[in-house]
> 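Got a structure for you, questions after.
All values reported here derive from a predicted model rather than from experimental measurement. Side chains included, hydrogens not; waters and symmetry mates left out as well; all remaining heavy atoms used. Proteins get letters first, then strands, A, B, ... in listed order; numbering begins at 1 in each.
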There are 2 protein chains.
Amino acid sequence: MDEIKSPSFKPLYQQVKELMVSRLTDRSWAPGSILPSEALLAAEFGVSQGTVRKALDELTSENLLRRSQGRGTFVTEHTANRSLFHFLNMVDTNNEKQIPESHLVSISSGSATESEARDLGLIESMSVIRIQRNRSLENIPVITEVIVVSSSLTPGLDNYPLPLPNTLYQLYEKDFGFSVTSAREWLTAVSANQLQAEHLDVELGTPLLRVKRIAYTYNAQPVELRISLCHTANHSYLSELT
Amino acid sequence: MDEIKSPSFKPLYQQVKELMVSRLTDRSWAPGSILPSEALLAAEFGVSQGTVRKALDELTSENLLRRSQGRGTFVTEHTANRSLFHFLNMVDTNNEKQIPESHLVSISSGSATESEARDLGLIESMSVIRIQRNRSLENIPVITEVIVVSSSLTPGLDNYPLPLPNTLYQLYEKDFGFSVTSAREWLTAVSANQLQAEHLDVELGTPLLRVKRIAYTYNAQPVELRISLCHTANHSYLSELT
DNA sequence: GAGTGGTCTAGACCACGAA
DNA sequence: TCGTGGTCTAGACCACTCT
């Protein structure tokens with residue numbers, strides 16, 4: 001006799017985890033806020049405390065939550081430190097990360113190019129906002145970059161009162177209600193063109209590290225495209241492999 | 001009354017984990033071999049199965065072990081695939097990793113320079129072996145690199161019967177008894193010099209991605225230094241941030 | 001069917017932080 | 001002192017692999 005066994009078995013803790021992610025997505029658990037205790041969550045979801053714990057532990061290892069013994073469980077938010085340690089891999093010759101200083105060059109809106117639309121999951125010619133800025137580390141210009149984000153995600157960003165904060169991801173989270181949770185970067189080497197050379201105060205043709213980043217919010221939805229050109233005379237991009 | 005509470009509290013599962021790492025280090029659990037079952041380990045270490053599980057889970061998330069339901073727990077070994085997916089971040093324009101083909105240029109021994117000694121934790125002028133090779137992806141020369149490893153770790157490597165295998169980490173593991181478990185890479189952009197240009201079949205001065213890697217074995221001990229120069233016209237270095 | 005890891009539970013106790 | 005997360009246990013049952 002044919003009996004179909006668990007055709008679509010999904011562990012309880014994963015179902016619980018998905019419920020939790022949906023609370024993060026819809027911001028009923030907002031960045032920075034505290035979650036109910038394990039016991040309360042267990043009662044609410046109708047599972048054991050151990051099962052809740054397993055879901056919480058996975059979300060913690062994905063950096064969506066932070067847990068702290070004696071205090072509670074909190075939704076991870078973008079602080080200067082988090083942006084620095086998770087989303088900026090440039091280090092100096094001592095392997096230390098420095099807080100960058102940003103100088104806005106321009107901010108404007110326009111139509112998404114074909115490749116921008118592809119990277120951001122938009123339809124071509126939809127409106128996007130482009131930010132160009134330069135960044136210094138220890139008072140040396142090191143990065144010149146263009147940031148592209150859909151106008152529908154950040155309405156009015158092109159008329160935002162200046163200066164823009166140093167950490168855009170904090171701005172997205174606080175003023176526009178979406179959180180960057182992960183990113184992918186593609187690195188290549190290029191020669192500085194005239195404009196880049198001026199921004200970085202280097203000779204035309206100087207080799208630069210080009211970093212193309214796509215940033216994602218919960219559930220791997222792309223929200224921002226960023227192309228950075230980095231002068232690597234005194235800094236390098238650190239990558240850890242396991 | 002003054003009572004000192006847990007002046008150096010260390011969870012049981014961490015102690016178990018350290019014991020397990022020492023078995024990996026001394027190769028009483030060799031790469032590719034199967035571990036005793038959870039129940040046996042629990043009995044042997046005198047702790048509960050849950051505690052053993054927690055230690056095993058952490059080692060699994062650090063890629064030191066692999067677990068497979070119904071089969072058992074195995075010591076991670078270097079296969080072509082593992083080297084490819086964990087230790088080679090170059091992708092093509094479709095974001096796919098390709099198996100590289102290696103061409104040996106030279107292999108020789110000499111004295112460690114000051115910086116090599118620093119990176120490898122050696123004393124200056126100790127003997128090292130240097131391997132220079134070029135690597136192709138889809139028949140296009142993409143990488144030219146120098147690999148430096150202490151002669152004391154790989155005695156006789158400079159007289160090893162050619163050709164060397166494509167995956168050096170497999171060789172280290174099988175013939176020299178040490179395993180690469182993690183690595184750090186520092187990326188910068190440089191201009192191709194004459195020699196590099198010839199190896200990569202590009203013009204002098206072409207911008208190249210320079211990747212300096214230090215590879216570590218268990219317990220973060222450095223074992224290999226590698227400096228790769230990559231032509232990034234048709235490939236890029238992919239980095240995932242979380 | 002036997003043996004493995006994976007899930008789930010219930011409960012005890014400990015370390016930590018804040019009031 | 002209380003509430004939180006962190007550790008540890010013991011046991012039941014399930015899913016998977018191999019023979």
> Check the phosphate of C:dT4 against B:Thr73, side-chain N and O only, distance under 4.0 Å to OP1 or OP2. Yes or no?
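So the side-chain polar atoms of B:Thr73 never come under 4.0 Å of the phosphate oxygens OP1 or OP2 of C:dT4.
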> Rounded off to whole Å, could you give me the CZ-to-P distance for the B:Arg66 and D:dC16 pair?
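Distance, rounded to whole Å: 18 Å.
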> Tell me the interatomic distance from B:Gln49, atom CD, to C:dT9, atom P, rounded to whole angstroms.
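So the two atoms are 18 Å apart, to the nearest Å.
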> Under a 3.5 Å threshold, yes or no: a donor from one side chain and an acceptor from the other, between A:Thr73 and A:Arg67?
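There is such a pair between these side chains.
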> Under a 4.0 Å threshold between the charged nitrogen and the carboxylate oxygen, would A:Arg133 count as salt-bridged to A:Glu145?
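Counted as a salt bridge, because a side-chain N and a carboxylate O are separated by less than 4.0 Å.
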> Under a 3.5 Å threshold, yes or no: a donor from one side chain and an acceptor from the other, between A:Arg135 and A:Ser102?
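Per modelled atom types, A:Arg135 and A:Ser102 side chains form a pair under 3.5 Å.
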> Rounded to whole angstroms, how far apart are CG on A:Leu65 and P on D:dG6?
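Atom-to-atom, A:Leu65 to D:dG6, this comes out as 11 Å.
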> What is the distance from CG of A:Leu35 to C1' of D:dG5, rounded to the nearest Å?
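Atom CG in A:Leu35 sits about 12 Å away from atom C1' in D:dG5.
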> Testing the 3.5 Å rule here: is there a donor-acceptor pair between the side chains of A:Gln98 and A:Asp92?
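The criterion, which ignores hydrogens and geometry beyond distance, is satisfied for A:Asp92 and A:Gln98.
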> Calculate the interatomic distance between A:Leu41 atom CG and D:dG3 atom P; express it in whole Å.
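Those two atoms, CG and P, are 17 Å apart.
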> Mind calculating the distance between CZ (A:Phe9) and C1' (D:dC13) to the nearest angstrom?
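Value for this atom pair: 11 Å.
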> Report yes if some heavy atom in the side chain of A:Glu173 is under 4.5 Å from a heavy atom in the side chain of A:Glu77; otherwise report no.
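Side chain of A:Glu173 against side chain of A:Glu77, heavy atoms only: contact under 4.5 Å found.
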> State which of C:dG5, C:dT7, D:dT7 makes the closest approach to the side chain of B:Lys54.
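It is D:dT7.
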> Starting from the 5' end of DNA chain C, give me the residue, B:Ala39 or A:Pro11, whose nearest nucleotide shows up first.
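Result: B:Ala39.
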> How many whole angstroms separate atom CG of B:Asp57 from atom C1' of C:dG6?
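After rounding, the reported distance stands at 9 Å.
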> In terms of the angle between their ring planes, are B:His78 and B:Phe87 parallel, tilted or perpendicular, with boundaries placed at 30° and 60°?
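B:His78 and B:Phe87: tilted rings.
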> Would you say the side-chain atoms of A:Thr217 and A:Tyr172 include a donor-acceptor pair closer than 3.5 Å?
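Absent: no donor and acceptor within the cut-off.
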> Rounded to the nearest Å, what distance is computed from the CD atom of residue B:Gln15 to the C1' atom of nucleotide D:dT7?
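It is 12 Å, rounded to the nearest whole Å.
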> Using the side-chain heavy atoms of B:Arg67, tell me which of these nucleotides is nearest: D:dA10, C:dC8, C:dG5.
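For B:Arg67, the side-chain atoms sit closest to C:dG5.
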> For C:dT9, does OP1 or OP2 lie under 4.0 Å from any side-chain N or O of A:Thr51?
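Affirmative; the distance criterion is met.
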> Show each protein N/O and nucleotides 17-19 of chain C N/O combination with a separation under 3.5 Å, one pair to a line.
none

> Can a side chain N or O of A:Arg53 be found less than 4.0 Å away from OP1 or OP2 on D:dG5?
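For D:dG5, OP1/OP2 do not have a side-chain N/O of A:Arg53 under 4.0 Å.
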